[in-house]
Amino acid sequence: MKRIFLEETESTNEYAKARRGLGEDLLVVARKQSGGRGTKGRSFSSREGGVYLSKLTFYKDFPSANAFLIMQSAAAAVCETLVTLGLQPKIKWPNDVFVNGKKICGVLIENALSGNTIASSVVGVGLNVYNELPEELLEIATTIFAESGKRFAVEEVESLLVKFLCEENIAEKYARHLGWLGEEVELLVGEKRVKAVLLSVDERGGLWASVDGEKRRFAAAEISLRVR
Ligand code: BTN
């Protein structure tokens, strides 16, 4: 796979998306981003000291119905990286990664569809290594350094992450890192908050939870967790 290294760019996802027309798989890595993008139109703080990368992959006959596999692979790769570094990560469905109750990594996946298949995907990962976090995130976000006390080199974390992202069948490791199973959490369903016990996640990415003793499946609900 072709690799591009940048000291700084606005967003590695944007950089990779702009090169979709070339039709080749690509890995874009940056040391910092001036306009890092998060999910739901949010920004993603991307100061020096973190891993910021995007992996552009082209597929043949990849059904959109299997899109969750891409999310699973990204979250599992981040978890395997963190475990290798001695941490105990947990996935907050669908693909946020937490350590000790705080978010340590963000994943932004942007798929290009062709009919009912995914023609290509850009998997963007921002992993906090020892980067300084903005004041307003200190309560909810963390870094590898803050959790382990070890100042791993960005290059070391990055090469582990790339290794796991490229590992075949990495998605199979998603289940072992899924957090809060069997625990009571709060689900935000539309505007409504409901108490639920997490049961499982199916292969389509649906979340199964018990609400008032009834087993229900949630597709696009966003969970709000009481993590401390
Ligand atoms: C989120 O948690 O909201 C997702 C954040 C995703 C951040 C990564 S950093 C590398 C890539 N480039 C971006 O602009 N965003 C993703």
Side-chain angles (χ1 to χ4, degrees), residues 1 3-20 25-57 67-68 70-79 81-82 89-99 101-112 120-134 136-144 146-147 154-155 157-166 174 177-179 188 205 220-225 227:
M1 184 177 28
R3 293 179 186 216
I4 294 181
F5 173 81
L6 305 162
E7 274 302 332
E8 179 170 356
T9 188
E10 187 188 331
S11 153
T12 54
N13 264 40
E14 294 303 316
Y15 193 100
K17 281 194 293 176
R19 276 145 195 87
R20 264 180 172 148
D25 290 2
L26 180 66
L27 180 75
V28 183
V29 168
R31 287 289 165 260
K32 56 181 172 179
Q33 300 182 115
S34 54
R37 312 255 199 279
T39 53
K40 300 178 190 141
R42 296 184 187 130
S43 60
F44 186 78
S45 169
S46 311
R47 297 178 185 167
E48 203 155 349
V51 170
Y52 311 106
L53 60 80
S54 299
K55 185 170 172 277
L56 167 63
T57 310
F68 185 55
I70 302 174
M71 275 194 185
Q72 286 182 303
S73 304
V78 171
C79 288
T81 301
L82 294 172
K90 282 204 231 177
I91 296 172
K92 181 193 145 198
W93 174 84
N95 64 358
D96 273 338
V97 179
F98 277 60
V99 173
K102 291 182 174 178
K103 184 165 155 166
I104 199 161
C105 162
V107 177
L108 176 65
I109 296 173
E110 300 185 85
N111 294 328
S120 68
S121 71
V122 172
V123 173
V125 182
L127 177 54
N128 300 326
V129 182
Y130 55 80
N131 46 304
E132 207 181 301
L133 297 169
E136 67 273 16
L137 294 184
L138 291 176
E139 285 285 302
I140 54 169
T142 192
T143 63
I144 293 174
E147 298 306 323
V154 167
E155 293 79 2
V157 180
E158 186 179 280
S159 70
L160 273 174
L161 178 61
V162 171
K163 174 180 91 114
F164 286 117
L165 279 173
C166 295
Y174 177 89
H177 299 296
L178 192 58
L188 187 64
E222 176 64 47
I223 312 176
S224 157
L225 296 169
V227 286

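As the structure is a prediction and not an experimental result, all values here were calculated from the model. Just follow the structure's listing: the first ligand is 1, and inside any ligand the first atom is 1.
For ligand 1, the atoms sitting less than 4.0 Å from at least one non-hydrogen atom of Gly126 are 8 (C), 9 (S), numbered in the order shown with element in parentheses. Counting the atoms of ligand 1 from 1 in the order shown, those under 4.0 Å from a heavy atom of Gly38 are 1 (C), 3 (O), 4 (C), 5 (C). Under a 4.0 Å criterion applied to the non-hydrogen atoms of Gly36, ligand 1 contributes the atoms 14 (O). For ligand 1, the atoms sitting less than 4.0 Å from at least one non-hydrogen atom of Lys103 are 1 (C), 2 (O), numbered in the order shown with element in parentheses.
Counting heavy atoms closer than 4.0 Å to ligand 1, residue Glu14 contributes nothing at all. When non-hydrogen atoms are compared, ligand 1 lies under 4.0 Å from the side chain of Ser54 (C-beta onward) but not from its backbone.
In this model, no donor atom of one side chain and acceptor atom of the other lie less than 3.5 Å apart for Ser121 and Glu110. In this structure, a donor-acceptor pair under 3.5 Å is present between the side chains of Arg20 and Ser120.
For atom 10 (C) of ligand 1, the closest non-hydrogen atom on the protein side is Thr12 OG1, 3.2 Å. Nearest non-hydrogen protein atom to atom 12 (N) of ligand 1 is Gln33 OE1, 3.0 Å. Closest to atom 6 (C) of ligand 1 among all protein heavy atoms lies Arg37 O, 3.4 Å. Looking only at protein heavy atoms, the nearest one to atom 5 (C) of ligand 1 is Phe44 CD1, 3.4 Å.
For Phe68 and Tyr174, the distance between ring centers is under 6.0 angstrom.
On a distance-only criterion, Thr39 and ligand 1 share at least one N/O pair closer than 3.5 Å. At least one N or O atom of Ser11, backbone or side chain, sits closer than 3.5 Å to an N or O atom of ligand 1.
For the pair Tyr15 and Leu6, the minimum side-chain heavy-atom distance is below 4.5 Å. Counting heavy atoms from C-beta outward, Leu133 and Asn128 have side chains that approach closer than 4.5 Å. For the pair Thr143/Tyr130, no side-chain contact is recorded, criterion being any heavy-atom separation below 4.5 Å from C-beta on.
When the options Lys103, Lys90, Lys102 are evaluated for a salt bridge (Lys or Arg N to Asp or Glu O under 4.0 Å) with Asp96, the one that passes is Lys103. When each of Leu56, Val122, Leu53, Ile109 is paired with Asn13, the side chain to side chain contact (heavy atoms under 4.5 Å, CB included) condition holds for Val122 and for no other.
In this structure, Glu10 falls outside the shell of residues with a heavy atom less than 4.0 angstrom from ligand 1.
Between Arg31 and Glu8, none of the side-chain N atoms (NZ, or NE/NH1/NH2) sits under 4.0 Å from a carboxylate O, so this pair counts as no salt bridge.
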